[in-house]
Amino acid sequence: MAKFGTVAVVTKREVMDTSTRMAQGGIASVFDQLDSFDLHIQDTLAAGDGLCNRDVVEMVVKNGPDRIRELINLGARFNIKGEKAADGESLNLDLGREGGHSQKRIVHAQDMTGMEIERVLVGHVKNHERITLFEDHIAIDLITISKRMKRGLITTTHEDYCCGAYVLDRNADRVKTFCAQITLLATGGAGKVYLYTSNPDIATGDGIAMAYRAGATVANLEFVQFHPTCLYHSEAKNFLISEAVRGEGGVLIDAAGNAFMQKYDPQKDLACRDVVARAIDNELKKSGDDFVFLDISHKDSGFIQNRFPNLYEKCRSFGFDMTAEPIPVVPAAHYMCGGVATDIYGRTDLKQLYAIGETACTGLHGANRLASNSLIEALVYADTAAKQNIKDIKTLSADYIPDPPPWDEVGTTDSDEHIMVSHNWDEIRRFMWNYVGIVRSDKRLERAKRRIEITQKEINDYYWDFRVSADLIELRNIATVAELIIKCARHRKESRGLHYNIAYPHRDDQRWQKDTVIRRPFVG
Ligand SMILES: Cc1cc2nc3c(=O)[nH]c(=O)nc-3n(C[C@H](O)[C@H](O)[C@H](O)COP(=O)(O)OP(=O)(O)OC[C@H]3O[C@@H](n4cnc5c(N)ncnc54)[C@H](O)[C@@H]3O)c2cc1C
């Protein structure tokens, strides 16, 4: 985009503080001779459990290899088999295989693929003279023409559109107005809505909440993917224990030392991710315990240290020796399949607002994401959206002048009640975990609805009285996203993909083979 205009990249902490940086496994794309676009499409559709948009799946899969070549040309170094071929066409990429993929197709840079992508892209961004990077700047709300009309500031016959965002500069403690012809949300996931998550602290669903408040459609938020095994430790926060540990013979056991997976699936500990997460959840709900254990200590100590050097060291740093004892684990919210609804070009239904990456609901994942399909979705949509942006900008009318009023904080004072923010934050994450987590029921969802209504009211009363702060912005956003997840989950009266409700344990294609779509009613 910077070839065609100036670009401001706004990021609420340091630029590398993202989920992308944490992605270990890799990027799914067709390079192997035995693989084909058709097979990748079939695998994606199968994971999506009847809700993928086939056109989107085809578009992403078919554009994947070109985007990876582009990254390589920009300087990304992925693992290769033997020597690198001189021409980009015959790349000899070392391809991994992951659950749900019928072929080897995971392009990776050791187990730090996301870090490599960020290294390259951030390097280019920092060196581009028409791109300005604003770190420690947190977007509060999108600016729309209707908001301005509501305040009686302008008159227009235009359809509503987005013309920028209000952004808090955390260091200067000042709200800035960013005006833009095109605004693109790439704000990532919403794992922090849940008590346990593999996501970094930035994943508070801000893009989803902002887009919804601005009047854009959001969709499929009931489909939250949980990773079965995150290390349980107060300081480990979001440390994932790879599924490869179970692949090498690790067994899940309860506090009394009993293995339990045989009760849930003939494949026992090697059952698929959702089944294992659900089984652990059920064991925890029955026992009231906070975690179960993963035990691989029966294997040779040298083998464990050799096979899992990083995991072994990390566990040691938290006081656990996986060669000698079981380690405590808990499932964790990992990926949000739903988000801001977009078309095949990344456009939302609010004009001049785009959404890409995990914050978007493009139709690729349907009811469940196929492993390593998220980075490829982000890459492909970044390209598609940029090309569409360029076309859109050319069509903007001549009288288009984004000139919003400054942020209004008249009548607000500095907050003296931080406890209220931290209490509400903690409460939301806990009831979302307990009532809207891996296994849902109508009763639990109803309870969650009542809780979120009370919490929302408290937050709204508080929000408008005090000067805005980063904590308050994030609290308001996790509350909004929690409310939307609950709404979507209550609406879907079946079990499909990642949404499992014990009252309706089966998939019902006749009534529910459709997206769950929510749009905020216009508040005049
Ligand atoms: C531990 C882990 C491992 C994973 N492994 C893989 C894998 O192997 N393969 C795969 O395909 N996927 C993987 N995923 C998923 C994948 O990493 C993410 O879906 C993807 O990286 C999301 O990219 P994104 O650009 O949408 O968001 P992010 O990379 O999370 O970036 C979001 C950005 O938005 C900024 N932001 C958010 N809110 C605001 C705001 N209000 N104001 C200003 N800035 C804001 C943040 O500061 C951040 O810079 C993994 C995820 C995790 C957590």
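Along the sequence shown, the residues carry numbers beginning at 1. Worth knowing before you read on, the calculation uses all heavy atoms, side chains too, and leaves out hydrogens, waters and symmetry mates. Just follow the structure's listing: the first ligand is 1, and inside any ligand the first atom is 1.
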Considering only heavy atoms, which of Ile473, Leu375, Leu240, Leu379 lies nearest to atom 11 (O) of ligand 1? Leu375

Can a non-hydrogen atom of Val10 be found less than 4.0 Å from any atom of ligand 1? yes

Would you check the N or O atoms of Glu358, main chain and side chain alike, for any that come under 3.5 Å of an N or O of ligand 1? yes

Any N or O of Ser198 closer than 3.5 Å to N or O of ligand 1: no

So is His108 touching ligand 1 or not, going by heavy atoms under 4.0 Å? no

Counting only heavy atoms, tell me which of Asp206, Ile376, Val9 gets closest to atom 41 (N) of ligand 1. Asp206

Best match, Ala470, Ala382, Ala23, Ser19: closest heavy atom to atom 4 (C) of ligand 1: Ala23

So is Ile138 touching ligand 1 or not, going by heavy atoms under 4.0 Å? yes

Judged by non-hydrogen atoms, does Ser372 sit under 4.0 Å from ligand 1? yes

With only distance considered, is Thr11 within less than 3.5 Å of ligand 1 through an N or O on each side? yes

Heavy-atom proximity to atom 32 (C) of ligand 1, picking from Ala186, Ala190, Ala139, points to Ala186

According to the interplanar angle, ranging from 0 to 90°, do the rings of Phe239 and Phe318 count as parallel (below 30°), tilted (30 to 60°) or perpendicular (above 60°)? tilted

If you count every heavy atom of other residues, nucleotides or ligands that lies below 6.0 Å from Arg130 atom CZ, does the total exceed 12? yes

Decide whether an N or O pair under 3.5 Å exists between Thr20 and ligand 1. yes

Any Arg369 heavy atom less than 4.0 Å from ligand 1: yes

Could Glu427 and Arg430 be called an ion pair, given the rule that one side-chain N must be under 4.0 Å from one carboxylate O? no

Using distance alone, determine whether Ser374 and ligand 1 share an N or O pair under 3.5 Å. yes

Polar contacts were defined as any N/O atom of the residue lying under 3.5 Å from an N/O atom of the ligand; does this apply to Pro200 and ligand 1? no

Do any nitrogen or oxygen atoms of Asn199 lie less than 3.5 angstrom from nitrogen or oxygen atoms of ligand 1? no

Of the backbone atoms (N, CA, C, O) and the side-chain heavy atoms from C-beta on, which set of His334 has a member under 4.0 Å from an atom of ligand 1: side chain, backbone, both, or neither? side chain

